[in-house]
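Structure first, then comments.
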There are 2 protein chains.
Amino acid sequence: MSSVSQTSTERLASGERIPAAERREQILAAASRVFGERGYAGATTDQVAQAAGISQPYVVRMFGSKENLFVEVLERALDKLMTVFRTVIEESAAADETTDQRSARLGAAYADLISDRGILLSLMQAFTMGHEPTIGKVARDGFLAIYSLLRTEGRFTADHVVDFLAHGMLFNTLIALRMTDGIDDNALVSELVACTFGAKLDTVLDAVARAHP
Amino acid sequence: MSSVSQTSTERLASGERIPAAERREQILAAASRVFGERGYAGATTDQVAQAAGISQPYVVRMFGSKENLFVEVLERALDKLMTVFRTVIEESAAADETTDQRSARLGAAYADLISDRGILLSLMQAFTMGHEPTIGKVARDGFLAIYSLLRTEGRFTADHVVDFLAHGMLFNTLIALRMTDGIDDNALVSELVACTFGAKLDTVLDAVARAHP
DNA sequence: GTCTATAGTATGATAGAC
DNA sequence: GTCTATCATACTATAGAC
């Protein structure tokens with residue numbers, strides 16, 4: 001009864017030794033949440049360690065430095081985004097959908113992905129760090145890779161991609177601001193939110209309710 | 001020859017006593033830059049003090065706490081934005097312009113305002129802090145006040161305002177990412193930047209060149 | 001209105017045992 | 001693969017002089 005039916009949380013609590021690859025993902029997921037809520041500078045390696053259920057020096061040991069940990073968190077978020085978009089584009093192409101249909105599917109997939117606040121906020125943090133030599137370059141290259149994916153594989157016009165990205169950035173802002181919390185109290189808020197998310201509103205509200213009930 | 005022809009920088013260097021109101025604005029301008037570049041948590045009150053040419057304890061003394069200093073920086077940025085938008089709307093109404101003309105003017109005014117990286121980045125930092133009780137509320141209320149201004153005094157439809165804000169958020173992202181720096185080296189970057197900023201491209205590039213030559 | 005000195009705390013990273 | 005102990009540094013905020 002030692003390892004077969006245990007969840008990774010149970011294994012964490014028991015002080016068990018876990019393969020490095022699995023531990024890495026645990027730490028990255030925890031770091032994503034912590035960096036998202038506190039910002040790059042505000043997050044501490046100790047908070048990440050506690051969220052992952054291990055010791056602070058082990059976090060530093062495994063990733064070399066706090067900066068490098070953030071870079072890996074960012075790359076993980078960008079990877080997930082690229083993978084989701086690529087999948088949607090392939091499915092859409094296979095189904096011979098119109099540009100508008102593809103765009104709507106991508107928007108829904110994006111709304112779904114950023115319902116993980118850690119991913120959303122880590123990306124937003126990175127966007128404010130263009131002046132940092134290392135992190136800034138990763139963020140720029142990642143943003144550009146997404147533009148490139150939509151433009152070429154997605155076969156959108158430049159105008160269309162820019163429009164798509166613009167609305168994505170507004171999604172980000174409203175969710176990060178927790179603007180969706182005031183939706184019942186204020187007519188202006190609910191108009192703004194409804195109009196921004198359109199058909200994706202339910203996805204978003206469900207995710208918000210799950211994140212902070 | 002003591003005070004008549006001196007710039008405020010000269011007066012700073014000379015250790016002169018300066019009225020509180022003027023000092024406040026000096027500190028807020030400095031804090032806007034520092035908070036923008038390093039983030040709320042990453043910025044230190046000492047960095048702000050040095051940027052303003054005064055001592056660290058005096059910064060704390062004058063604003064009570066680091067958090068309160070950030071709130072005032074944020075409110076200053078939001079005030080400037082509201083003032084600029086209100087002015088443009090009034091001018092546009094007086095000239096009987098169309099909705100599209102008003103929208104273009106507002107976009108140009110916005111591009112001009114956020115060419116102050118301090119303002120741009122302090123706003124973006126605040127947008128990631130929706131979960132902070134004090135700062136989050138100021139940020140939400142500020143965002144909503146802008147929506148309200150455009151919707152009512154600006155007489156735009158909800159869809160129009162959302163579209164305007166969405167493109168504004170993409171402006172923010174590209175400038176903060178310093179994406180404009182790679183405009184000469186990469187065809188995809190220059191396409192993205194050109195298509196995002198359109199006629200406002202020159203304003204933006206000029207501002208960037210002034211900010212980090 | 002502005003400074004110096006400093007208390008009290010928290011941080012990232014390293015050393016080294018198991 | 002993981003921990004405990006710890007160093008060196010840096011931070012906000014207060015006290016109190018001028």
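Below, chains carry the letters A, B, ... as their sequence lines are ordered, and counting in each starts from 1. Please read all numbers here as calculations on a predicted model, not as lab measurements.
- Residue A/Y40 contributes atom OH, which lies 12 Å from atom C1' of C/dT11 at whole-angstrom precision.
- For A/R17, counting side-chain heavy atoms from C-beta on, the closest listed nucleotide (D/dT2, C/dT11, C/dT2) is D/dT2.
- Counting any heavy atom pair closer than 4.0 Å across all strands shown, B/A43 reaches sugar-phosphate atoms only and no base atom.
- In this entry the distance linking CD of B/E25 with C1' of C/dG1 reads 18 Å, nearest Å.
- In this structure, A/Q56 atom CD and C/dA15 atom P are separated by 14 Å, rounded to whole Å.
- Counting to the nearest Å, the P atom of C/dT11 and the CZ atom of A/F35 are 13 Å from each other.
- Looking at A/S32, its side chain never comes within 3.5 Å of a backbone N or O of A/L28 through a donor-acceptor pair.
- Using cut-offs of 30° and 60° on the angle between ring planes, the pair B/F85 and B/Y110 is tilted.
- For the pair B/R38 CZ and C/dT11 P, the interatomic distance rounds to 18 Å; values are reported in whole Å.
- Side-chain atoms of B/L150 and B/L106, non-hydrogen and from C-beta on, do get closer than 4.5 Å to each other.
- Cation-pi geometry between A/K66 and A/Y40 is satisfied (NZ or CZ under 6.0 Å from the ring centre, within 45° of the ring normal).
- Put simply, the side chain of B/V204 does not reach to within 4.5 Å of the side chain of B/V193, judged on heavy atoms.
- Distance CG (A/D46) to P (C/dA10): 11 Å, rounded to an integer number of Å.
- Between B/R23 atom CZ and C/dG1 atom P the separation is 10 Å, expressed in whole Å.
- For DNA chain C, the neighbouring residues in residues 57-76 of chain A, judged by any heavy atom under 4.0 Å, are A/P57, A/R61, A/S65, A/K66.
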What pairs of donor and acceptor atoms, side-chain ones from residues 72-80 of chain A against any protein atom, are under 3.5 angstrom apart with sequence neighbours left out?
from, atom 1, to, atom 2, distance (Å)
A/E72, OE1, A/R24, NH2, 2.7
A/E72, OE2, A/R24, NH2, 2.9
A/E72, OE2, A/N68, ND2, 3.4
A/R76, NE, A/E25, OE1, 3.1
A/R76, NE, A/E25, OE2, 3.3
A/R76, NH2, A/E25, OE2, 3.0

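- Ring geometry for A/F35 against A/F70 counts as perpendicular: the plane angle is over 60°, on a 0 to 90° scale with 30° as the lower cut.
- Distance CD1 (B/I54) to P (C/dC3): 6 Å, rounded to an integer number of Å.
- Within the 4.0 Å cut-off from OP1 or OP2 of C/dT2, not a single side-chain nitrogen or oxygen of B/S55 is found.
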